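Report on the following structure.
Positions are given from 1 along the sequence. Order of appearance sets the numbers: ligands from 1, and atoms from 1 within every ligand. Everything numeric in this text was worked out from a predicted model, so none of it was measured.
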Amino acid sequence: MVMTETLSPPLPARERPWAQTVRTSRTIWDIAHAIGGGPFHVINPASFAENLEQMIGALAAEGVAGTVYYGKKANKAAAWLRECARPGAGVDVASVPELVHALGNGVRGEAIGVTGSAKPDGLIWLALRHRCLIAVDAADELERVLDLASELGEKAEILLRVRPPAAPDSRFGFAPEALKAAVRRCAEPGAPVVLQGFSFHLDGYDPVPRAELAVQLIALCLDARALGHPAAKISIGGGIAVSYVEAEDWARFESGREDGWFHAGKNPARTYPYHQSPTGAAMVTAILRHQVGGRSLADRLRETEVELLLEPGRALVDGAGFSVFPVLGCKPSDEHLITTVAGLSMSLSEQWKGSEFLPDPILIRRTDGVAEPVRTAVGGSSCMEYDVLTWRTIQLPARPMPGDLLLYPNTAGYQMDKNESGFHQLPLPPKVVLDGDRWHVDTDYPIQEIR
Ligand SMILES: *Cc1c(COP(=O)(O)O)cnc(C)c1O
């Protein structure tokens, strides 16, 4: 390919103080030596707890009753679950192992939401036994929930998931007519079910459509109450936004983006919006304050005594982890270098959808020496041409040397383990949990050490 290579502007990651402290101290080398040469992740449950408290606080500040369920699929570590065993918090799961993991770490069934379409009987059975809140996705699934509940002599606690009117092609949720029929079905005498309310999950990160659809769900609750259902909860799903880089850096990057910035011209068609506003708890506040017909969502929730449930995944682990790949080698390629690291691009999760994790990785050098800036792409240690962590040629302050570490910041939300793979029989990278000035390896499954 004939192409002019140019240097992209930098995209320095926003970092929390704990991450800076760890990567610039002996701790990072102590961990690297203990792990013994492979890639690893470092996670900080205290940052998760901070994010969670802020989100619970955002509900309280608007006088709205509610629960923040951690969307567990964003990161598999057990360490987060302990933080969810507190008032106002819960966990959102979509499989038997996820449910067992939450229970095993002290999250009670009543604080667990079960989502996902066409849930297997085993998952419904376990959810019923533990009185979890089940988001039912379709009419046939509702029948299975009712059958299993009557077999067990339980009453199913459910939400009905609504297919968003703005996403008529979505494969999730009830279409309007089917929804009405399901509400009537739940009101049939003897149906072993408590209709607690309605739910949705939207793509994108805009507060406005969430507030607007939430108002429609409140109306559904009022209609359902007329049939005798309690209908006092609505879940607005996840998709709470995160910013990885500063506004100016992202704007400059996006406005100039060109193929010449990327090895082999691999300029991804779409990426996560790495800067957004509002984010985290501030986005929850924006949703609650959004006015529909002259009243804020918060006003309407209070007036109708409807609780607001949230299922953020990525936003709760924001700033709570990073990933480290030891450098194996470095060689020239046209006008830039290719650095190869121990580990796979599947530990960074964007490449499988033809995208790229864009915040700049940070070089941690083993020895001080002459430092001349270089430009490099970053490849993984498999035999695949496409196993590339970073196609963008990034500038590093020195040529990476074997034994140096390359740190990718803020990877806890989906990057770390969503698509991790044991390709080449490589072990999955361990997660090292920080606990004050000590650390241990997360067991992932089944439970964290009981203290
Ligand atoms: C994936 C998912 C979430 C979490 O989404 P984030 O973007 O990580 O906040 C919440 N609820 C449902 C139903 C989901 O599928």
Side-chain angles (χ1 to χ4, degrees), residues 47-48 51-52 54-56 58-59 66-77 80-81 84 89-95 98-99 102 107 111-119 123 127 132-138 141 158-164 167 170-174 196-207 209-210 213-214 217 233-244 270-274 276 278-284 286-287 308-321 349-350 353 355 357 410-419:
S47 299
F48 179 96
N51 298 337
L52 181 58
Q54 284 174 7
M55 245 182 253
I56 292 172
L59 291 171
T67 303
V68 178
Y69 294 83
Y70 166 51
K72 190 181 184 318
K73 71 178 185 287
N75 190 296
K76 297 185 184 92
W80 321 120
L81 299 172
C84 296
V91 180
D92 175 59
V93 305
S95 70
E98 283 188 346
L99 175 49
V107 183
I112 297 175
V114 183
T115 54
S117 66
K119 292 170 267 301
L123 177 57
C132 304
L133 185 60
I134 304 172
V136 175
D137 188 74
E141 187 184 68
I158 68 161
L159 303 174
L160 293 174
R161 181 161 170 175
V162 174
R163 191 181 74 188
S170 172
R171 69 187 183 92
F172 297 104
F174 284 88
Q196 294 288 8
F198 299 88
S199 72
F200 65 78
H201 174 69
L202 289 181
D203 280 349
Y205 302 96
D206 187 348
R210 289 180 166 78
L213 193 48
L217 262 53
K233 296 178 185 201
I234 61 170
S235 172
I236 63 168
I240 302 299
V242 170
S243 275
Y244 292 79
R270 257 187 317 179
T271 70
Y272 185 82
Y274 286 99
Q276 314 186 68
T279 58
M283 176 166 161
V284 175
I287 294 169
L308 187 74
L309 316 183
L310 297 156
E311 300 160 4
R314 190 190 290 263
L316 286 181
V317 290
D318 177 31
S349 103
E350 294 298 316
K353 43 183 175 171
S355 187
F357 184 70
N410 204 3
T411 52
Y414 295 105
Q415 303 307 325
M416 262 178 204
D417 61 17
K418 172 161 167 271
N419 298 104

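- At a 4.0 Å heavy-atom cut-off, ligand 1 touches Arg161 through the side chain alone.
- Between the side chain of Ser355 and the backbone N or O of Arg270, at least one donor-acceptor pair lies under 3.5 Å.
- Between Ala315 and ligand 1 there is no heavy-atom distance shorter than 4.0 Å.
- Using a distance-only test at 3.5 Å, with no hydrogens or angles considered, no donor-acceptor pair links the side chain of Lys72 to the main chain of Ala94.
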request  = Under the side chain to side chain donor-acceptor pair (under 3.5 Å) rule, what do Thr271 and Glu350 come out as? Steps first, then yes or no, please.
outcome  = CA-CA 8 Å; Thr271 70; Glu350 294 298 316; over 6 Å; no
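- If you number the atoms of ligand 1 from 1 as listed, the ones under 4.0 Å from a heavy atom of Asp92 come out as 11 (N).
- If you check each of Ser235, Gly239, Ala241 against atom 7 (O) of ligand 1, the one with the closest non-hydrogen atom is Gly239.
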key: side-chain contact (heavy atoms from CB on, under 4.5 Å) evaluation trace for Leu159 with Leu309   = CA-CA 11 Å; Leu159 303 174; Leu309 316 183; 4.2 Å; yes
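- Nearest approach of Gly313 to Tyr70, heavy atoms of both residues: O-CE1, 4.0 Å.
- At least one heavy atom of Gly313 sits less than 4.0 Å from an atom of ligand 1.
- A donor-acceptor pair is defined here as one N or O able to donate and one able to accept, closer than 3.5 Å; such a pair exists between the side chain of Arg210 and the backbone of Leu202.
- Residue-to-ligand polar distances place Lys73 within reach of ligand 1: an N/O pair is separated by less than 3.5 Å.
- At the top of the distance list for atom 13 (C) of ligand 1, counting protein heavy atoms only, stands Glu311 OE1, 3.5 Å.
- For the pair Tyr414 and ligand 1, a heavy-atom separation below 4.0 Å is found.
- Residue Pro312 places a heavy atom under 4.0 Å from ligand 1.
- A donor and an acceptor atom, one from each side chain of Ser243 and Gln276, are nowhere located under 3.5 Å apart.
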